[in-house]
Asks: 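Please see the structure below; I have some questions.
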2 protein chains.
Amino acid sequence: MGITKSQIFTKQQNDLAQFFKVLGHPARVAILQYISEQNSCICNDLVEEIGLAQATISQHLKELKSIGLLKGEIEGKSMCYCINIDRWNDIQNHLNSFFNNTKQNCC
Amino acid sequence: MGITKSQIFTKQQNDLAQFFKVLGHPARVAILQYISEQNSCICNDLVEEIGLAQATISQHLKELKSIGLLKGEIEGKSMCYCINIDRWNDIQNHLNSFFNNTKQNCC
DNA sequence: ATTATATATTGCAATATTACGATAATAGAG
DNA sequence: CTCTATTATCGTAATATTGCAATATATAAT
């Protein structure tokens, strides 16, 4: 045991949970906030700013990319990671639909 | 290692990540949706509906309670778990603030 | 070509999460 | 009180996540 039984849930439930899960780590919240505050957003800045090892930051960036929230462009010898605004709005809308549809029948 | 370094993040970041994390499992998404669709919402229904063991459902309910999303009332010999609508709206607002404040500077 | 800089990947240890059987606790029915 | 039904908790196994050092990869500068 220990494995999440994804197969007993709908794709919508699994996708929704996946979005929430990726956002469910303070480092990834902090990364998104920091990128949003900066004009440049290379990974090395994040390492200094956030205080986790470079390998760890790189791993968190990979997870944010996995749901399409970040896009990275090579810029000289560093990377420019930026928020994918279309995907950002798309996910926000999904989450709001879930919140709005799931608040009936309170006792 | 393996422990999340909560101490290097702000309370706001940790709280936000905690909300996302609790919602980041398909069983908990499914539980919330099911409770919202029913008039009664006792745990035993959930076990049959969702298809996880009773102990597992109970554990997921506990996590949803931990962020205040559910309130449970004893009703006869069973429990009536319901969505705490004030908390629900409160958390939705928090998440939307995060989304709205964190979408600047896209390249 | 060599060196320096920036990011990604690999491998591993520590911790957390998921799931379930067994058992405890609680409340109503008889 | 005893039995049954419902939910919570405990203990444990399996899997996932977090974090980092070491290493690989890639590009720019010299």
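A note on names: the letters A, B, ... follow the listed sequences, proteins ahead of strands, and every chain is numbered from 1.
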Asks: Reading DNA chain D from 5' onward, which residue's closest nucleotide shows up sooner: Gln59(B) or Ala27(A)?
Replies: Gln59(B)
Asks: Would you mind writing out the side-chain donor-acceptor pairs for residues 61-68 of chain A within the sub-3.5 Å range, not counting sequence neighbours?
Replies:
{"residue": "Glu63(A)", "atom": "OE2", "partner": "Arg28(A)", "partner atom": "NH1", "Å": "3.2"}
{"residue": "Lys65(A)", "atom": "NZ", "partner": "Tyr81(A)", "partner atom": "OH", "Å": "2.8"}
{"residue": "Ser66(A)", "atom": "OG", "partner": "Glu63(A)", "partner atom": "O", "Å": "2.6"}

Asks: Nearest-Å distance, CD1 (Ile50(B)) to C1' (dT18(C))?
Replies: 14 Å
Asks: I want to check one thing: is the phosphate of dA8(D), taken as OP1 and OP2, less than 4.0 Å away from some side-chain N or O of Tyr81(B)?
Replies: yes
Asks: Separation of Ile8(A) atom CD1 from dC20(C) atom P, in whole Å?
Replies: 8 Å
Asks: Identify, with sequence neighbours excluded, every residue that meets ring-ring contact (aromatic ring centres under 6.0 Å, His included) alongside Phe99(B).
Replies: Trp88(A)
Asks: Quick check on contacts: within residues 13-25 of chain A, what sits under 4.0 Å from DNA chain D by heavy-atom distance?
Replies: Lys21(A), His25(A)
Asks: Kindly point out which of dA8(D), dA19(C), dT18(C) is positioned nearest to the side chain of Leu52(B)?
Replies: dA19(C)
Asks: Can you give one letter per nucleotide of nucleotides 21-30 of chain D, going 5' to 3': B for a protein heavy atom under 4.0 Å from the base, S for sugar-phosphate only, - for none?
Replies: BB----SS--
Asks: Relative to the ring of Phe20(A), is the ring of Phe20(B) parallel (under 30°), tilted (30 to 60°) or perpendicular (over 60°)?
Replies: tilted
Asks: Verify, without hydrogens or angle tests, whether Gln38(B) (side chain) and Ile35(B) (backbone) share a donor-acceptor contact under 3.5 angstrom.
Replies: no
Asks: Look up atom CG in Leu32(B) and atom CG in Leu16(A), then write down how far apart they are to the nearest 0.5 Å.
Replies: 10.0 Å
Asks: If I take atom CD in residue Glu73(B) and atom P in nucleotide dA8(D), what distance separates them, rounded to the nearest angstrom?
Replies: 14 Å
Asks: By side-chain contact (heavy atoms from CB on, under 4.5 Å), which residues pair with Asn96(A), not counting sequence neighbours?
Replies: Gln92(A), Asn100(A), Gln92(B), Asn96(B)
Asks: What's the separation between atom CG in Leu69(A) and atom OG1 in Thr102(B), rounded to the nearest 0.5 Å?
Replies: 10.5 Å
Asks: Asn84(A) side chain to Lys71(A) main-chain N or O, any donor-acceptor pair under 3.5 Å?
Replies: no
Asks: Rounded to whole angstrom units, what separation is found between the CD atom of Gln7(B) and the C1' atom of dT15(C)?
Replies: 14 Å
Asks: His60(B) has an atom NE2; how far is it from atom C1' of dT17(C), in whole Å?
Replies: 9 Å
Asks: Out of dT18(D), dT7(D), dA8(C), which has the shortest distance to the side chain of Asn44(B)?
Replies: dT7(D)
Asks: Report the distance from atom CG of Leu64(A) to atom C1' of dA8(C), rounded to the nearest whole Å.
Replies: 15 Å
Asks: Looking for any heavy atom pair under 4.0 Å, which part of the strands does Ser78(B) touch: base, sugar-phosphate only, or nothing?
Replies: sugar-phosphate
Asks: Picking from dA8(D), dC20(C), dT7(C), which would you name as closest to the side chain of Met79(A)?
Replies: dT7(C)
Asks: Mind calculating the distance between CD1 (Ile57(B)) and P (dT6(D)) to the nearest angstrom?
Replies: 15 Å
Asks: Where does the angle between the aromatic ring planes of His25(A) and His60(A) fall among parallel (under 30°), tilted (30 to 60°) and perpendicular (over 60°)?
Replies: tilted
Asks: Got a sec, which residues hit side chain to side chain donor-acceptor pair (under 3.5 Å) with Asp90(A), two or more places apart in sequence or on another chain?
Replies: Arg87(A)
Asks: Between dT18(D), dA8(D), dC20(D), spot the one nearest the side chain of Ser58(B), thanks.
Replies: dA8(D)
Asks: Tell me the interatomic distance from Glu48(B), atom CD, to dT6(D), atom C1', rounded to whole angstroms.
Replies: 12 Å
